[in-house]
Amino acid sequence: MTARRRGAALWPGLTLACLLAVLAFVLSFDALRIVALACGVQPALAWMFPLIVDGSTLAFTWTTWAFRTRGMGTWYPWLMLVLFSVVSLIGNALHAHPVQVNNMLLPDWVPPLVMTMPPIALLATTHMIVMAAGRTFDALDETEVVAAGEPDGETSDPPNTGDDPVGDASEPSETGDDAIGDGPVMPEPAVIPDAGPSDTAADDPARTADDNGSDMVRGDRELAARWAREMNVG
């Protein structure tokens, strides 16, 4: 069994990050709204400017992770994220100015530096939330892949343990019952044709020579008898 390492719970950190993101957004919203009013935007429409700037920052923060998980190019969302983050930083810095409180007046460079913290905090917290959500989705995908690779519990055929014989003697074989117990089948003898007298004479050279000699003697006797008859007649 493989032991799995338990990770820390993410929900406390994510809850705190969401709370900080909301607070940073409110402060940045107020600063950018005043900048929009200073730029001549109507008071009834000035609230749209911070939503456009900080809302685009949040949207492109998510888009960079979404593009990366799908194998798409991330240069465009990264470029837009940097652009709107810079606009938010500049807007919050322009809004800040020294104000005397309890006989304390800060230098001119301190308020702009301090007021850049809300947009930085907003960007950092949203980025952390996106990373945590991405890790969670990746873990869920890996769990689904592992579950898909496990067998469904289907039972396979049990192995042959030797209890059942491979062949049953009581069952007939493929050749049938007639082929068992009848004994071997003898081949039929081949029929050899009888040889005639000519074949026998041709196979025996001595007999052929005797027959030729008898024919010659018989012909000589007939010729002598004919010659004698001709002499007596004459």
I'd like to check Leu122 versus Asp54 (side-chain heavy atoms, cut-off strictly below 4.5 Å). Are they in contact? yes

Ala17 versus Thr125, closest heavy-atom pair with distance: O-CB, 3.7 Å

Would you give the length of the straight line joining atom CH2 of Trp65 to atom OG1 of Thr69, rounded to the nearest 0.5 angstrom? 5.0 Å

What's the separation between atom CE in Met115 and atom NE2 in His97, rounded to the nearest 0.5 Å? 10.5 Å

Mind listing the closest non-hydrogen atom pair of Leu37 and Pro43 along with its distance? CD2-CA, 3.6 Å

Shortest non-hydrogen contact between Phe84 and Thr57, atoms and distance: CB-OG1, 3.5 Å

A side-chain contact here means heavy atoms from C-beta on lying under 4.5 Å apart; do Met72 and Thr74 qualify? no

Show the numbers, then the answer: is there a side chain to side chain contact (heavy atoms under 4.5 Å, CB included) between Val82 and Val86? CA-CA 6 Å; Val82 171; Val86 170; 4.3 Å; yes

Does one hydrophobic cluster hold both Met48 and Val41, with members joined at side-chain heavy-atom distances below 4.5 Å? yes

Pick out which of Ile90, Ile52, Leu94, Val53 makes a side-chain contact (heavy atoms from CB on, under 4.5 Å) with Leu32. Val53

If you count heavy atoms of other groups shown closer than 6.0 angstrom to CD of Gln100, is the number above 12? yes

Can you name the nearest heavy-atom pair linking Phe67 to Gly73, along with the distance? CD2-O, 3.1 Å

Find out if a path of hydrophobic residues (ILVMFWY) with successive side-chain heavy-atom gaps under 4.5 Å connects Leu83 to Trp78. yes

Working for side chain to side chain contact (heavy atoms under 4.5 Å, CB included), residues Phe60 and Tyr76: CA-CA 9 Å; Phe60 285 111; Tyr76 175 72; 4.1 Å; yes

NE2 on His95 to CZ on Arg33, rounded to 0.5 Å: 8.5 Å

Are any side-chain N or O atoms of Ser88 and backbone N or O atoms of Ser85, one a donor and one an acceptor, separated by less than 3.5 Å? no

Please walk me through it: do Phe25 and Thr126 pass side chain to side chain contact (heavy atoms under 4.5 Å, CB included)? CA-CA 11 Å; Phe25 181 81; Thr126 54; over 6 Å; no

CG (Leu123) and CG (Leu89) are apart, to the nearest 0.5 Å, by 8.0 Å

Heavy-atom pair of closest approach, residues Thr61 and His127: CG2-CA, 3.8 Å

Please report the interatomic distance CD1(Ile34) to CG(Asp30), rounded to the nearest 0.5 Å. 4.5 Å

Can you list the steps and then say if Leu23 with Leu27 is a side chain to side chain contact (heavy atoms under 4.5 Å, CB included)? CA-CA 6 Å; Leu23 297 178; Leu27 291 177; 5.9 Å; no

What residues form a side chain to side chain contact (heavy atoms under 4.5 Å, CB included) with Pro107, not counting sequence neighbours? Trp109, Val110

Side chains of Trp47 and Phe29, heavy atoms from C-beta outward: is any pair under 4.5 Å? yes

For the side chain of Ser28 and the backbone of Ala24, is there at least one donor-acceptor N/O pair under 3.5 Å apart? no

Gly91 versus Val35, closest heavy-atom pair with distance: O-CG2, 3.2 Å

Is Leu106 reachable from Val114 through a run of hydrophobic residues whose side-chain heavy atoms are each under 4.5 Å from the next? yes

